[in-house]
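One structure is given here, and the rest of the page talks about it.
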Protein chains: 8
Amino acid sequence: MEDILKQVQLGKMNIAEAKEKLATYEDLGFAKVDHHRKKRQGFPETIFGEGKTAEQITAIIASIQANGDAILVTRISKEKAVEVRKTHPELIYNEVAELLHTEIAHKKTASTNFIAVLCAGTSDLKVAEEAAVTAEAFGCEVRRFYDVGVAGLHRLLDNIEEIQQATVSITVAGMEGALPSVVGGLVSHPIIAVPTSVGYGANFSGLSALLTMLNSCASGISVVNIDNGYGAAYNAALIHRLAEQKEEE
Amino acid sequence: MEDILKQVQLGKMNIAEAKEKLATYEDLGFAKVDHHRKKRQGFPETIFGEGKTAEQITAIIASIQANGDAILVTRISKEKAVEVRKTHPELIYNEVAELLHTEIAHKKTASTNFIAVLCAGTSDLKVAEEAAVTAEAFGCEVRRFYDVGVAGLHRLLDNIEEIQQATVSITVAGMEGALPSVVGGLVSHPIIAVPTSVGYGANFSGLSALLTMLNSCASGISVVNIDNGYGAAYNAALIHRLAEQKEEE
Amino acid sequence: MEDILKQVQLGKMNIAEAKEKLATYEDLGFAKVDHHRKKRQGFPETIFGEGKTAEQITAIIASIQANGDAILVTRISKEKAVEVRKTHPELIYNEVAELLHTEIAHKKTASTNFIAVLCAGTSDLKVAEEAAVTAEAFGCEVRRFYDVGVAGLHRLLDNIEEIQQATVSITVAGMEGALPSVVGGLVSHPIIAVPTSVGYGANFSGLSALLTMLNSCASGISVVNIDNGYGAAYNAALIHRLAEQKEEE
Amino acid sequence: MEDILKQVQLGKMNIAEAKEKLATYEDLGFAKVDHHRKKRQGFPETIFGEGKTAEQITAIIASIQANGDAILVTRISKEKAVEVRKTHPELIYNEVAELLHTEIAHKKTASTNFIAVLCAGTSDLKVAEEAAVTAEAFGCEVRRFYDVGVAGLHRLLDNIEEIQQATVSITVAGMEGALPSVVGGLVSHPIIAVPTSVGYGANFSGLSALLTMLNSCASGISVVNIDNGYGAAYNAALIHRLAEQKEEE
Amino acid sequence: MEDILKQVQLGKMNIAEAKEKLATYEDLGFAKVDHHRKKRQGFPETIFGEGKTAEQITAIIASIQANGDAILVTRISKEKAVEVRKTHPELIYNEVAELLHTEIAHKKTASTNFIAVLCAGTSDLKVAEEAAVTAEAFGCEVRRFYDVGVAGLHRLLDNIEEIQQATVSITVAGMEGALPSVVGGLVSHPIIAVPTSVGYGANFSGLSALLTMLNSCASGISVVNIDNGYGAAYNAALIHRLAEQKEEE
Amino acid sequence: MEDILKQVQLGKMNIAEAKEKLATYEDLGFAKVDHHRKKRQGFPETIFGEGKTAEQITAIIASIQANGDAILVTRISKEKAVEVRKTHPELIYNEVAELLHTEIAHKKTASTNFIAVLCAGTSDLKVAEEAAVTAEAFGCEVRRFYDVGVAGLHRLLDNIEEIQQATVSITVAGMEGALPSVVGGLVSHPIIAVPTSVGYGANFSGLSALLTMLNSCASGISVVNIDNGYGAAYNAALIHRLAEQKEEE
Amino acid sequence: MEDILKQVQLGKMNIAEAKEKLATYEDLGFAKVDHHRKKRQGFPETIFGEGKTAEQITAIIASIQANGDAILVTRISKEKAVEVRKTHPELIYNEVAELLHTEIAHKKTASTNFIAVLCAGTSDLKVAEEAAVTAEAFGCEVRRFYDVGVAGLHRLLDNIEEIQQATVSITVAGMEGALPSVVGGLVSHPIIAVPTSVGYGANFSGLSALLTMLNSCASGISVVNIDNGYGAAYNAALIHRLAEQKEEE
Amino acid sequence: MEDILKQVQLGKMNIAEAKEKLATYEDLGFAKVDHHRKKRQGFPETIFGEGKTAEQITAIIASIQANGDAILVTRISKEKAVEVRKTHPELIYNEVAELLHTEIAHKKTASTNFIAVLCAGTSDLKVAEEAAVTAEAFGCEVRRFYDVGVAGLHRLLDNIEEIQQATVSITVAGMEGALPSVVGGLVSHPIIAVPTSVGYGANFSGLSALLTMLNSCASGISVVNIDNGYGAAYNAALIHRLAEQKEEE
């Protein structure tokens with residue numbers, strides 16, 4: 001802020017420009033798209049699809065594309081996606097993860113870094129894929145380790161050596177949510193734990209897995225909201241970038 | 001009931017006797033001791049020490065001993081135990097488990113059956129010992145596997161082959177309570193899971209571990225109340241007896 | 001593990017074999033079927049039908065049958081079952097319990113042991129039948145005692161002498177869930193208590209019955225998740241097997 | 001109100017009198033004692049002792065006695081009671097129930113009606129006695145049936161015929177709180193159920209028993225707050241009075 | 001029980017008869033109808049309609065009518081009622097209260113006693129009517145005082161003198177559920193409070209009103225489950241009968 | 001009341017008139033419309049549309065209009081509104097806010113006072129509009145500041161100087177509900193905070209935002225029920241009127 | 001902000017001054033006192049005493065007094081207050097409300113406006129006094145209406161005409177918290193409702209009263225945190241000021 | 001594992017050695033210290049002090065020091081620390097953070113990276129310091145930004161440019177816990193959010209802040225358990241190391 005104030009004082013910048021510099025969003029009426037954040041972080045604009053009409057989503061996409069950016073729509077049902085793709089046939093719809101996005105160009109770098117995405121059971125797949133594809137859309141290399149829940153421990157142990165090579169793990173689990181605790185004891189990188197609402201009875205829509213992960217006796221685990229695969233990927237991508245920058249130097 | 005009715009009808013039993021047959025307790029005024037149950041099950045009378053005075057406990061002990069039975073007092077503080085032992089110096093006090101009991105005569109049978117008592121961390125020791133000593137007081141062979149929580153998986157895997165030989169496991173864990181889920185995937189006998197109130201923050205006095213255990217994705221796990229080491233041992237002893245009877249035949 | 005290590009050291013086993021020995025599952029892509037567990041326990045493979053498509057279920061069934069094993073699918077709706085039975089007409093669908101399974105061949109043994117399945121009211125029938133049929137599919141003899149809730153105590157007392165002969169009881173109850181407490185005071189075998197989500201108002205989807213069962217003042221009761229008839233049967237079958245083995249010797 | 005308005009209109013009552021007629025309390029500064037209610041109902045004034053100093057209690061007692069009424073103080077600790085009795089040595093302190101009251105003159109009527117007070121275990125005694133003595137202070141005949149919890153059903157069944165003769169039952173239970181459900185199926189008079197905070201673990205300070213009683217499958221049960229023995233007695237006395245009036249006619 | 005034992009001893013009763021005497025229910029397969037209770041209490045058999053098919057309800061009705069008793073079905077939807085009435089056109093369906101019942105013959109007695117049914121708002125009508133019609137089906141005189149919630153206090157005060165004449169009040173309220181507290185301070189008969197699930201937001205499906213009623217600072221209030229109009233009427237009828245018996249003498 | 005009593009005493013008012021004076025509602029059978037309150041407060045009659053049929057709503061509208069008053073119906077679905085407007089085409093339906101109301105005549109006063117309505121995200125729009133339009137229907141000037149959530153702080157800071165000029169703010173937020181805390185630190189007028197049920201996972205239908213607002217470390221914030229835009233507007237209008245009265249003098 | 005930018009541009013303000021303008025707090029190391037807010041609002045600085053040592057409180061007081069401002073310390077125990085008054089004997093300690101403050105000079109204005117502070121029972125006194133004295137310290141006229149709970153409605157109705165004259169009411173209630181609902185139906189000014197943690201059993205530390213107030217069917221009620229008398233007074237003073245400004249003009 | 005198997009096969013490693021390789025802990029009887037993990041991660045051994053005696057802590061310290069490692073004891077009270085320091089006077093006790101640790105040698109590297117530790121209020125200091133000192137003990141550079149809660153936004157904005165330079169932020173907040181949401185919108189590095197149990201009333205021991213953080217509308221935030229400053233630091237250190245490794249290359 002001091003820089004801007006100085007330039008205003010020196011007459012190098014007029015007030016309209018100064019205000020513009022601080023403007024960080026475009027107001028589309030029903031949504032204020034935050035372009036500034038995008039520039040700082042290199043991640044594509046993300047549109048939360050739930051509760052928006054196909055028309056609204058289509059309009060926001062047009063606005064972002066006009067800015068030259070990639071598209072990522074989360075939590076968009078098949079019906080809405082079909083509608084939106086009439087206008088934007090170039091976008092790809094991932095039905096399992098309920099994501100609509102610009103084709104993901106896999107990086108060609110020398111880096112061997114990757115984010116590990118684990119899930120405990122097949123019913124956690126939706127959330128795990130939301131995390132995995134989001135991380136890929138954010139330019140990260142991802143490797144998937146699915147159905148490795150603790151009740152069949154050998155499935156996890158068979159893959160643990162590869163998982164240990166990741167820069168960061170996203171660990172998705174429903175029911176009792178014990179997977180992050182076990183993984184936390186076996187790896188030495190940060191773990192983003194994602195409780196899912198998968199389960200029944202005293203699961204209470206994911207509360208059981210959420211509490212398990214918050215109370216984990218293993219270190220190096222932090223937690224995001226129930227079913228929040230997107231949030232986990234966002235966190236993981238921020239962490240992963242630190243290692244990537246290292247490699248790229 | 002039909003038998004008794006028949007004998008009354010045939011005049012082989014008078015009404016007072018018939019009523020006596022159905023009487024299953026002795027009324028001490030402040031407590032009705034259930035002698036009948038004891039006889040059916042071969043387990044010593046158990047006195048829940050919490051909320052009873054040393055005087056009341058002493059009186060109940062006398063009554064049970066008059067019946068020729070062994071003594072087991074649970075949840076009795078050191079102060080009360082010291083007081084009670086002035087009258088009953090023959091009883092042994094286990095400070096960790098807060099149990100007061102008749103000396104336990106380890107059986108000399110050919111059976112190699114045992115109950116495995118596992119706990120996740122050192123802070124679960126009190127509950128684990130309550131379970132272990134109670135099971136011993138009920139005449140069961142017990143083997144302890146302590147501090148084998150999932151965050152350091154090798155500590156569990158090192159002992160798993162021995163644990164697999166047990167007739168039944170009592171698995172005690174606080175914090176996130178993930179231990180039974182992992183053990184459940186590695187053994188093929190029934191597991192009694194005991195959540196403990198050990199933890200802090202979103203542990204909510206054991207609720208976290210309780211929900212974890214109820215929602216376990218592993219099969220063969222049933223759950224008792226938070227910190228209820230005694231209840232777990234009672235269940236385990238009932239199950240263990242089935243295997244013992246087999247051995248003894 | 002030591003055995004395998006020794007054989008490898010002695011050259012009696014090569015590394016591929018050693019790894020195979022530890023392999024306990026078959027990876028079908030969308031599911032990793034745990035064949036190892038099955039062999040250890042003699043129970044048929046179980047498929048949790050909820051959240052799987054008819055196609056997925058059909059594929060898993062084929063894989064298990066190729067292995068020569070019996071089939072048990074839980075929580076499968078009538079619609080899906082009709083679809084699956086087009087390919088597998090040999091399977092039987094139990095509409096009340098929502099189970100699809102290989103025809104159950106009732107054992108012809110001298111054993112008179114049985115598992116007692118009790119339920120409090122007619123609305124608990126679905127869960128009780130899930131438990132009863134599962135136990136039968138696991139090779140156990142089952143006797144049903146339905147609609148014996150505590151509000152009409154004579155219905156329970158009329159049957160109690162037969163119930164007392166069981167090796168283990170599965171006690172299913174919704175609303176206030178008091179049945180296990182009463183049964184617990186009348187029998188001397190282990191009781192698996194199953195709270196159901198039957199009720200309204202302050203029942204809170206089974207929470208009321210769940211807390212009742214966890215806090216039971218009767219001993220010998222352990223609890224599984226709300227509506228988890230399958231889990232109760234799995235536990236009961238593990239316990240029952242101990243008595244069966246005794247008989248068979 | 002119309003009567004008063006008419007008398008004012010006719011000049012038979014002046015405005016000060018009219019206002020007085022509607023005044024139903026005496027203002028002691030720190031408390032407004034409701035004399036009107038007392039007159040309507042024939043029950044002695046009740047002072048809730050918790051959170052009041054011995055001085056405040058002493059002052060209120062003086063005010064009530066000046067009105068010629070009997071005294072009942074609930075939830076008053078031994079320390080405060082000793083202090084108050086220095087000024088009011090005529091009052092009797094019941095240490096178990098934590099009640100301080102005017103000596104209770106048992107009625108000499110031909111009526112054989114009574115209120116049955118049941119409790120499940122010895123640790124529910126405090127609440128049960130608060131209920132029993134309060135009902136006696138309200139002029140009701142009371143019979144106690146203590147330690148008749150459902151885990152030892154015969155203790156209840158042995159007394160059930162006498163309990164069935166009551167006009168109304170107060171049924172006190174902690175832990176899982178199943179007693180009212182069983183009693184509700186055996187008697188045909190109204191039952192006031194009182195959950196107590198007795199228990200541990202997933203009892204959650206009486207929540208478990210409270211939910212059990214609210215969800216009871218037996219009819220004829222209504223519930224008061226956790227540990228609210230006084231409230232139960234108040235309700236029971238209101239009901240009992242209906243039967244008494246019948247007898248007295 | 002002693003009487004029966006004596007008669008058996010004296011040979012006045014054979015064992016089959018003795019067992020029959022204790023039989024209190026008829027087993028229809030999917031339901032065990034409790035005829036004994038009915039005889040003791042003079043209330044018509046009640047069928048809980050929720051979760052039963054029209055066929056099941058029709059069958060139970062036939063069984064009860066064969067016994068010469070009146071019919072009351074609660075929580076039966078319009079669709080099911082239409083179906084049942086094809087076989088039983090003599091039954092009356094109350095759409096608001098979702099009750100199906102034998103025509104209610106209003107008593108012709110000299111008694112002026114009545115049960116007051118109050119509700120706070122128009123959205124509590126369904127529960128209030130379930131209570132009112134049930135009480136009428138149980139032979140009680142009922143007077144309705146609807147939409148008298150505390151936010152418009154004059155609506156209550158205008159009717160309070162008539163309400164005070166009741167033998168017992170059923171007070172139904174959703175949202176914050178304050179009505180029983182205010183009524184409790186104005187009448188001197190017992191109040192059965194019924195929380196309803198009416199409300200939104202932090203109402204949590206009736207929890208708010210339930211807690212309010214349990215914590216009421218007014219005396220003479222006991223509580224039944226959320227939306228349990230039937231239960232409230234059952235309680236009220238038991239209490240009301242005491243006053244009626246008085247009148248009839 | 002004293003005034004009325006005096007006039008009765010002096011014969012200036014007869015009893016019927018005195019009773020009429022206290023009558024504050026009109027009884028339409030299924031609803032008691034409170035006309036008195038309306039006169040005191042100058043706010044149009046409000047009809048809570050949820051749970052009422054189109055017919056009922058139409059009838060109440062007729063009754064209010066007969067009284068010469070404006071109409072405001074809240075929480076009325078499009079289907080019902082279409083139905084009602086067949087009879088009352090003069091009413092305006094606001095689809096976003098689900099309000100049906102008399103055309104709002106914006107005041108022509110010199111006052112520059114206004115109520116600020118803020119919301120955090122586009123999904124809070126429905127609740128924010130319910131608040132804004134209700135306040136307008138109550139005769140208040142309203143300015144909207146939408147999509148100013150704390151995650152993009154500049155959107156709020158850009159508008160804060162105008163918001164500071166308001167007499168009172170209504171601040172609507174879902175998810176974590178942090179907006180009122182930030183606004184509370186930046187303005188010096190009262191804030192009515194409205195949590196919305198917008199969110200997922202551990203949001204628990206608005207509980208998260210509700211707790212946040214109740215625990216706000218900023219002063220000057222009070223809270224209404226989840227999604228209660230109407231209630232917030234009612235509160236704000238009462239406060240706003242104080243400033244308006246000042247201006248008008 | 002634009003003004004400051006303009007003045008910087010015009011050279012009328014240098015950058016240091018511009019930054020100073022935005023500085024709103026003084027950093028005392030362990031606390032950052034917000035002087036700016038104070039100036040805007042005319043309320044004395046408030047120190048939250050809980051969790052601060054007497055030394056820390058003494059130091060903050062010195063700093064505020066150096067600024068010429070009045071002192072208000074909330075939630076300060078008697079022990080700490082005695083300690084602080086050794087240095088600041090000019091401060092007054094209110095033991096009931098646990099407030100320490102500069103002597104309050106009651107305004108001498110022609111205004112007859114006042115804030116009404118109501119509480120339901122004597123045990124709510126602490127919170128009510130915290131609210132009343134805080135409001136007085138903020139320069140508001142306060143009138144107290146204590147022990148006017150709804151169970152003895154006449155106590156409230158006797159005072160309602162005076163309460164109706166207030167600009168705003170603070171309504172404090174524990175247990176079931178029904179008082180604001182009743183008051184809300186009788187007055188036409190805004191009500192700040194304060195739930196207290198007074199109660200027992202299913203009160204759950206004030207949760208019962210909190211939910212009641214949030215769900216109130218009366219309009220014009222907003223709610224602050226449990227026991228938050230200070231927050232209620234802050235809100236009320238902001239509202240009251242609007243009326244005062246009117247009078248003063 | 002394959003490597004070890006191969007070496008065993010080739011006779012290069014005997015079985016005892018192979019087993020040793022997998023041993024990752026030292027068994028001290030009451031604790032199994034995990035040396036393996038330590039070596040992998042370069043963090044000093046951490047001892048959770050709560051629930052351990054001074055003797056136990058002293059013994060573990062000796063064992064770790066024998067291994068040549070640094071010491072960090074968390075949640076150790078002053079009393080215990082004094083006792084332990086009799087044997088280990090070289091350790092430093094941090095009273096605010098309740099940490100006992102080896103003197104921390106601040107690194108002398110060219111790196112300008114740092115972890116930002118923010119807290120909302122002075123009462124969050126204990127948790128913030130536990131995080132800050134733990135991170136320092138793990139070799140990280142830390143900068144503290146305390147008392148920057150959202151109610152006084154300028155305190156945060158004054159420091160935001162420096163905070164933006166951090167590799168990762170630990171953001172500690174109690175009460176409503178809104179700080180991470182605001183910071184999340186202003187920085188582009190990962191944020192570890194720590195809810196504290198600071199607050200009262202509807203804070204429910206930190207639940208309010210926990211839910212706020214889990215539901216944050218800002219991205220890049222993950223959450224650890226309530227009051228878990230140590231866990232936050234562990235996570236942050238894992239992330240920070242990635243950036244450090246980059247710098248060091």
Side-chain angles (χ1 to χ4, degrees), chain A residues 119-124 147-157 160 163-164 171-188 191 193 195-223 226, chain B residues 119-124 147-157 160 163-164 171-188 191 193 195-223 226:
Chain A
C119 78
T122 50
S123 35
D124 302 316
D147 202 8
V148 294
V150 301
L153 202 58
H154 292 89
R155 299 176 300 185
L156 174 63
L157 296 182
I160 197 64
I163 294 169
Q164 285 168 340
T171 306
V172 180
M175 301 185 80
E176 87 271 55
L179 184 57
S181 292
V182 173
V183 176
L186 297 171
V187 306
S188 58
I191 296 171
T196 72
S197 54
V198 170
Y200 59 97
N203 175 283
F204 299 125
S205 305
L207 180 64
S208 171
L210 173 63
L211 292 181
T212 299
M213 292 173 182
L214 286 169
N215 287 290
S216 177
C217 53
S219 296
I221 298 169
S222 64
V223 187
I226 298 165
Chain B
C119 78
T122 49
S123 34
D124 303 316
D147 201 10
V148 294
V150 299
L153 201 58
H154 293 89
R155 298 177 300 185
L156 174 63
L157 296 183
I160 197 65
I163 295 169
Q164 284 167 341
T171 307
V172 179
M175 301 184 80
E176 87 271 53
L179 184 56
S181 291
V182 173
V183 175
L186 297 171
V187 307
S188 57
I191 295 172
T196 72
S197 55
V198 169
Y200 59 97
N203 176 282
F204 298 124
S205 306
L207 179 64
S208 170
L210 172 63
L211 292 181
T212 299
M213 292 172 181
L214 286 168
N215 287 288
S216 178
C217 54
S219 295
I221 297 170
S222 64
V223 186
I226 297 165

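So you know, we letter chains A, B, ... as the sequences are listed, proteins then strands, and number each from 1.
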Exercise. Do you know which of A:L157, A:N203, A:V183 has the most heavy-atom pairs with chain B at a distance under 4.5 angstrom?
Worked result: A:N203
Problem set entry | Close approach to chain A in residues 173-181 of chain B, criterion heavy atom under 4.5 Å | B:M175, B:E176, B:A178, B:S181
For this session: With a 4.5 angstrom heavy-atom cut-off, could you sort out which part of B:Y200 is near chain A: side chain, backbone, both or neither?
Result: backbone
Problem set entry | Sole candidate of B:V182, B:V150, B:L156 that passes side chain to side chain contact (heavy atoms under 4.5 Å, CB included) when paired with A:L153 | B:V182
Exercise. Which one, B:L214, B:T212, B:L207, leads in non-hydrogen pairs under 4.5 Å with chain A?
Worked result: B:T212
